[in-house]
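Index from 1, following the sequence. Worth saying up front: this structure is predicted, and the values here are computed from it rather than measured.
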Amino acid sequence: MAKNYDALAKTIIKDVGGKDNVISVVHCTTRLRFKLKDEKKANDDALKDTDGVVTVVKAGGQYQVVIGNEVADVYEAVLKEGGFSGGGQVADDDLDDSNMSLMDKAIDLISGIFTPILGPMAAAGMIKGLTAMCASFGWLAKTSGTYEVLYAIGDGFFYFLPLILAITSAKKFKVDRFTAITIGAAMCYPAMVAMNSSKKVLFDLFNGTFLHSQVHATFLGIPIISMNYTSTVIPIILAVWFASVVERWCKKWIPTVVKTFLVPFVTLLIVVPLTFLIIGPLATWIGNALAAITSAVYNFSPVLAGVLLGSFWQVFVIFGVHWGFVAVMMSNIAALGYDPILGLSLGASFAQIGVVLAILLQTKDQKLKGIALPAFLSGIFGVTEPAIYGVTLPRKKPFVLSCIAAGIGGGLIGFFGTKMYMMGGMGVFVIPAAIGPKTGVDMSVYGLMIAMAVSFVLGFILQIALGKKSVDQAYDEKQAKTVQEVANQADAIAKAAPSLASTSDLNVSTELVSPLAGELLPLSEVKDEVFSSGAMGEGVAVEPSEGVLHAPADGKVVMTFPTGHAIGMKTSDGAEILMHIGMDTVNLQGHGFETLVAKGDEVKAGDELVKFDIDAIHAKGYVVTTPIVVTNSKDYEKITVVSQGKVKVGQEILDLEGASETETASSNPQMA
C-alpha cells in the first residue's frame, strides 16, 4: 500500500515558515529545494527532528529539505498541500536575492538549468554507453539497424542539447520558451552545422592556439566565425540570457496589440545573428579555455588531481558547488570529446557506502539501521545524500573516513587515466560512460572499476577499524537518558503505590493477564535495550493487533502520562506494572493516544485504560510493540511467561511466584 505523505507535507510547509513564505519549490534526486522569502522564519531544528526528513541544508540560495529516495512522492504532497502551481513554482516577484553571494547566484543558476534534465541526461548517457559497450565486445554490429536506433536514443539527446538547455534556460531567465527553442534550433540547423566543415575557407583566426577558428561565410558582409554548436552548453545559455534582455526591451516598447508576434520577431532577428557572430564564438572560446585549464591541471598530476577532487567531492556536494564541475564537464566533452575531471570523483559514492555498510553492522540503534540500509542501497546507484546527511556527516568521523577512502579512489582513477565521454548514470551505472568510442573497454575502464572497489573496501575497513566509537555515541547517551527516565517512572510507580502491610521479603504469588490482543513476544526481542535487557524488570511484550490497552489485573492506576503512551499500575496483590505502548512514542506528544483513566482510579482486570491508533503511529514511523514489565521483579521468587504466540485480552500471560498466602499470613498476623 502506498504511503500517505500528507501529514509530512503539512509539517514541512509549516516549518519552512508557511506557504506564504515559499517563493518556489522544486526537487532533485533526494531534496526538496525551496526558495524562501525569509529563511529566518523556517524552523531548522523542528524539520531535522521530523520523521521522514533526513536533514536541512542551506546552500546556493536555496533552503534544501533532504528527504531521500521518496522525495518525488513527498514533493507531490507538498504541491497539493501548499496549493503551489506551475510545477511547484509560485510567483517570485518578491524574490530578494540581495543577500546571495555571487557564488550562490552562480550555483543557483547552474543547478536551476541542469537539475530538470539530469534524469533523461543520465538515461541517454547510459543507453549510449551500453550501446558502445555492446559494439566494443562485438555483441552488436555498428552497421545494424539495432545499433543505429539505440545509438540515436543515446546520442540524440546530446546532439540536440542546445534545444533542451534552451527550455530550462528559458525558465531560469524568464524568456518565452518557444523563442528560446527557436534559437537552439537555429544553432543545430543542418546547414549551419555543415558550414563548419565546408572546404571553402575565407580565412583563419588564432592559428596554432586552442582558439583556432575558421571563417567560411559572412552575414551582411560580417565574417561568421564557424563553430559547431551541437552538444554544446555555454553558447545556448548565454544566447538565451541575451534573449531575455532583448525580449524585456521589446515588451516595454512594442504596442500590446502586436506583441504576440512582434516581440519574438524582433527578438529572434537580433539574437540569432548576434549569436552566430559574437555570442557563440565567445562562449565556445570560453569553453575551450575551461577545457585547456582543467586539462593543464589534470596533466600536471592526474593522481594528485584525483586525490584532491575525490577527497573533497562530498564536501562540494554538501555545499552544492559540484554543479560547477558538471558545467565544466559538458564544456570539455564539447571541446575535447571527453572530460578527464569529473570522473575523478566517482570513487566517492562507493567510499561512502563502504562506511555505511560498516556502520550498519556496528550500530545497535534500530532507527539508524532503518536509515542506513536504504542509504546503502541508493548509494550503489550514486545517490549518496541519504548516506551523507542521515548517517556519516552527523557522526563526523565516519564522514572524514569516507573522504579519505574517496581520495585514494580518486588517485587510482587518475592513475589509470579514466575519462568520461558522456554524462552517464550514477554509481555503477556510470561505468559505460567511461567507454571511449574509439578505444572501447580498455584499462581505463577496468581501472575505474578497480578504483570503485578499492574505495568501497577501504571505506568499510577504515570505519571498522577507526570509526566504531562514533557510531552510537549519541544513541548511547540517549539510551542512558532513557534508562534514567524509565527508572524514574518505575520509582514513581513504587512511590505512588500504596504499600502492603506485610513484613515478608516477597510479595504474594499472583498472575497477570494480557492487556492487549496480539502476538506475544519475549522481552528480549523488544528493539530497545532499556526493556530488552531486563534492566527495568522482567516481563513480556505484545505486538498489538487492536488499539486498546486493558488492565492486566485488579488494582489502582498510580501513574499516567499526558502523552498517553504509558500507564503505571499497582495490582491488589502488590505487583508494580509498567505498560509502555511502542518505542520513543513519547515524541508523538499524544498524537494517536487517548487515555481513558486517571491517576488514582481503581480498575478491574480487563478494564480499558488507553486507546491508540496503530495506523497513525506506524505512519509516523514508530512501532507499537508494547512491553509489560514488572518493575518490582525483585519482590518475586520467579516470574514465568505462561503463554506464547497469539493471545487475547484476559488470557493469562505471566505467573508471578512469590510468598504463599500462608507464609504471608504467618509473617503478618494482621492478615491472618
Rounded to the nearest 0.5 Å, the CD1 atom of Ile13 sits from the CG atom of Leu8 at a distance of 10.0 Å
Hey, could you give me the CD1/CG distance between Ile23 and Leu36, rounded to the nearest 0.5 Å?
-> 7.0 Å
Side-chain heavy-atom pair Phe415, Val307 within 4.5 angstrom cut-off | no
Short question: side chain of Thr168, backbone of Leu165 - any donor-acceptor pair under 3.5 Å?
-> yes
Do you know which two heavy atoms are closest between Pro437 and Lys142, and how far apart they sit?
-> O-NZ, 3.9 Å
Under the ring-ring contact (aromatic ring centres under 6.0 Å, His included) test, which residues partner Tyr147, sequence neighbours left out?
-> Tyr151
Val391 to Ala375 - nearest heavy-atom pair and separation | CG2-CB, 4.4 Å
Whether Asn21 side chain and Val16 backbone form a donor-acceptor pair below 3.5 Å | yes
Atom OG in Ser349, atom CE in Met452: separation rounded to 0.5 Å?
-> 6.5 Å
Sole residue of Ile464, Leu462, Val457 in side-chain contact (heavy atoms from CB on, under 4.5 Å) with Phe460 = Ile464
Okay, side chain of Lys48, backbone of Val56: is any donor-acceptor separation there less than 3.5 Å?
-> no
Can you check whether Gly467's main-chain N or O pairs, donor with acceptor, with Gln362's side chain at less than 3.5 Å?
-> no
Keeping the roles fixed (side chain from Lys369, backbone from Leu360), state whether a donor-acceptor pair exists under 3.5 Å.
-> yes
So, Thr363 side chain and Ile359 main chain: donor-acceptor pair closer than 3.5 Å or not?
-> no
Looking only at atom types and distance, does a side-chain atom of Thr418 sit under 3.5 Å from a main-chain N or O of Ser444, one as donor and one as acceptor?
-> yes
With rounding to the nearest 0.5 Å, note down the distance linking CZ in Phe456 to CD1 in Ile461.
-> 10.0 Å
Testing Ile67, Val66, Val65 for side-chain contact (heavy atoms from CB on, under 4.5 Å) with Arg31, which one passes?
-> Val66
Say whether, by atom type as modelled, one donor and one acceptor occur between the side chain of Arg395 and the main chain of Val471 under 3.5 angstrom.
-> yes
